[in-house]
Amino acid sequence: MPTAPPTVSLDQEINPWEAQHARFDFAARKLNLDEGLWKLLRTPARELTSHFPVTMDDGRMEVFTGYRVQHNIARGPAKGGIRYAPDVTLDEVRALAAWMTWKCAVVNLPFGGSKGGVVCDPKSMSRGELERMTRRYTAEIIDFIGPEKDVPAPDVGTNEQTMAWIMDTYSMHTGHTVTSVVTGKPLDVGGSRGRLEATGRGVSVVCEQSLRYLNISRDGCRVIIQGFGNVGSNSARLMMEQGYKIVGIAEKDGGLYNPAGIDIHQLLEYKFRNESILGFPHAEAMPSEELLVSDCEILIPAATENVITSRNAAKIKARIVVEGANGPTTAVADEILAEKRVFIVPDILANAGGVIASYFEWVQDRQGYFWKEAIVNEQLEVILRDSFEDVVRYAESHNVNNRIAAYMLAIDRVAFTIRQRGIYA
Ligand code: NAD
């Protein structure tokens, strides 16, 4: 098994599966993980690739490629989102599945890790095409998923509607309504109050914990957020309401900057009307790459992978980086940020609010009893505060950074469960 320190070539740097391996190997070595468990946890347990047909609106048949990867199910049913994007790859889905195993273990949920994806451009597809593609993809993975097996949720390019279609397709095959097969559903078909904004709420909780830990005052604390989708916009809104100054928002097609703070309610309204943040009159335009390296106390990458790399890490000015997205920082960039003593709240902790609320949704669906929003939010905050404490104490006592501490804690929990269960046959 690998024993040398992580050396990742530039080519490998932006491969999420390699990035996951680099951190996993480092943490496993620190834990003295035995060779068998190392091999087991380094590899996804099951991978499904399907090429399936969909009839497009013009009558043409198109063939799409979809994946579902289950990394590990030792601690419970696999849990993980489904991504619709043109650049989805099997390696990306593998990495996201492994991150789900570690994320669920860090926040101590009874779930394993999985992920799915379909190579497509959802923005260029009609509602009918998306529905037919979603239903056929569900039929392709139907033996893999189920409330006790593997429970999908939304991710980039998918939403509540996608989950409702998956739930309906699964239910039609089963012969009765099975709401707990997916989470992130609309409220009326078994969704949970608080789920939509849960990841953003979680991000705001770990920001608060970080400031407290580093003894930095929230007054005048400047925040820059990359991505103004589900995670970014909810983090921005909740944090502005809590008194942070959101000075920058970086989107795919350009960014906004206002040193006095951007009114996120106004920006949300503007985006709703214009389908873009560009041209918002109460902030100046600034290129997104520039915003990432601008002055602020907290930087929240909440868009996509590989945005903090060896190319820009040295220029980052934030004191704290809170990873709303999965895999925004490469392993090489980690080392550069560590030298600059940037405090990182790693993705598997920082964006766990979503899967925590998904867990609550799964529990509520199985009970047939639905909680008030205040209960969901309060329970989510308790779990995240405790998990933040677990990670920073682990980092202190093992003399490692927060990311490696989170991986070590997670790997240790999963390995412990596997040892207790033993190996079948
Ligand atoms: P989303 O599709 O709602 O939003 C993503 C936003 O980022 C979009 O507005 C998009 O235009 C923007 N974007 C994409 N590439 C960009 C770039 N290079 N620069 C700037 N902006 C860019 O997706 P989301 O659900 O908010 O997810 C964002 C990230 O958070 C992903 O990494 C996802 O895996 C992760 N995540 C999401 C959840 C959740 O509950 N939605 C939970 C955990 C983690």
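Order of listing sets the numbers, starting from 1, for every ligand and every atom in it. Values in this document were obtained by computation on a predicted structure and should not be read as measured data.
In terms of protein heavy-atom proximity, atom 23 (O) of ligand 1 is nearest to Val156 CG2, 3.8 Å. Nearest protein heavy-atom contact of atom 18 (N) of ligand 1 is Thr304 CG2, 4.0 Å. Residue, atom and distance of the protein heavy atom nearest to atom 32 (O) of ligand 1 are Asn326 N, 3.1 Å. For atom 5 (C) of ligand 1, the closest non-hydrogen atom of the protein is Gly229 CA, 4.2 Å. Ranking protein heavy atoms by distance to atom 19 (N) of ligand 1, first place goes to Gln226 NE2, 3.4 Å.
Taking only nitrogen or oxygen atoms, main chain and side chain alike, Thr199 reaches within less than 3.5 Å of ligand 1. For a threshold of 3.5 Å applied to N or O pairs, the pair formed by Val231 and ligand 1 contains at least one separation below that value. The shortest N/O to N/O separation between Lys252 and ligand 1 falls below 3.5 Å. Not one N or O of Lys123 is nearer than 3.5 Å to an N or O of ligand 1, by distance alone. Between Asp155 and ligand 1, at least one N/O pair is under 3.5 Å apart. The shortest N/O to N/O separation between Glu251 and ligand 1 falls below 3.5 Å. Considering backbone and side-chain N/O of Lys271, none are found under 3.5 Å from N/O of ligand 1. For ligand 1, the polar-atom distance check against Asn230 finds a nitrogen or oxygen pair separated by under 3.5 Å.
The side-chain contact (heavy atoms from CB on, under 4.5 Å) search around Val189 returns Ala164, Met167, Lys185, Pro186, not counting sequence neighbours.
Taking 4.5 Å as the limit, some side-chain heavy atom of Phe52 sits within range of a side-chain heavy atom of Val118. Taking the side chain as every heavy atom from C-beta outward, Val54 and Met56 approach each other to under 4.5 Å. By the 4.5 Å heavy-atom criterion applied to side chains, Thr330 and Ile308 are not counted as neighbours. Asp334 is listed as a side-chain neighbour of Arg403, based on a closest heavy-atom distance under 4.5 Å. Between Glu389 and Gln209 there is a side-chain heavy-atom pair separated by less than 4.5 Å. At a threshold of 4.5 Å between non-hydrogen side-chain atoms, the residues Arg75 and Phe416 do not count as touching.
Looking at Asp347 and Lys103, no side-chain N of the basic residue comes within less than 4.0 Å of a carboxylate O on the acidic one, giving no salt bridge. At a threshold of 4.0 Å, the pair Lys123-Asp121 does not count as salt-bridged, since none of the basic side-chain nitrogens sits closer than that to a carboxylate oxygen. Salt bridge Glu62/Arg60: present, at least one basic N to carboxylate O contact under 4.0 Å.
Residue contacts with ligand 1 for Pro154 are absent, since no atom lies close enough (heavy atoms, distance under 4.0 Å). Using a 4.0 Å cut-off between heavy atoms, Glu305 makes no contact with ligand 1 at all. Only the side chain of Arg195 comes within 4.0 Å of ligand 1, counting heavy atoms alone; its backbone N, CA, C and O stay farther away.
Heavy-atom contacts of Asn351 reach the following atoms of ligand 1: 43 (C), 44 (C) (cutoff under 4.0 Å). Of all atoms in ligand 1, listed by their number and element, those nearer than 4.0 Å to a heavy atom of Ala250 are 20 (C), 21 (N). The ligand atoms of ligand 1 that sit less than 4.0 angstrom from a heavy atom of Phe228 are 9 (O). Every atom of ligand 1 is numbered from 1 in the order shown, and the set under 4.0 Å from a heavy atom of Arg83 is 31 (C), 32 (O), 33 (C), 34 (O). Set against the non-hydrogen atoms of Ala325, the atoms of ligand 1 under 4.0 Å away are 29 (C), 30 (O), 32 (O), 35 (C). Near Ala302, meaning under 4.0 Å from any of its heavy atoms, are these atoms of ligand 1: 28 (C).
Figure legend: cation-pi geometry between Arg222 and Tyr244 absent, as NZ or CZ is not positioned both under 6.0 Å from the six-membered ring centre and within 45° of its axis.
The line from CZ of Arg237 to CZ of Phe228 is 10.0 Å long, rounded to the nearest 0.5 Å.
Relative ring orientation between Phe280 and Tyr270 is described as perpendicular, the plane-to-plane angle rising above 60° on a 0-90° scale split at 30° and 60°. Below 30°, between 30° and 60°, or above 60°: for Trp17 and His21 the angle between ring planes is between 30° and 60°, a tilted geometry.
Across Gly255, Ala303, Gly327, heavy-atom proximity to atom 14 (C) of ligand 1 is greatest for Ala303.
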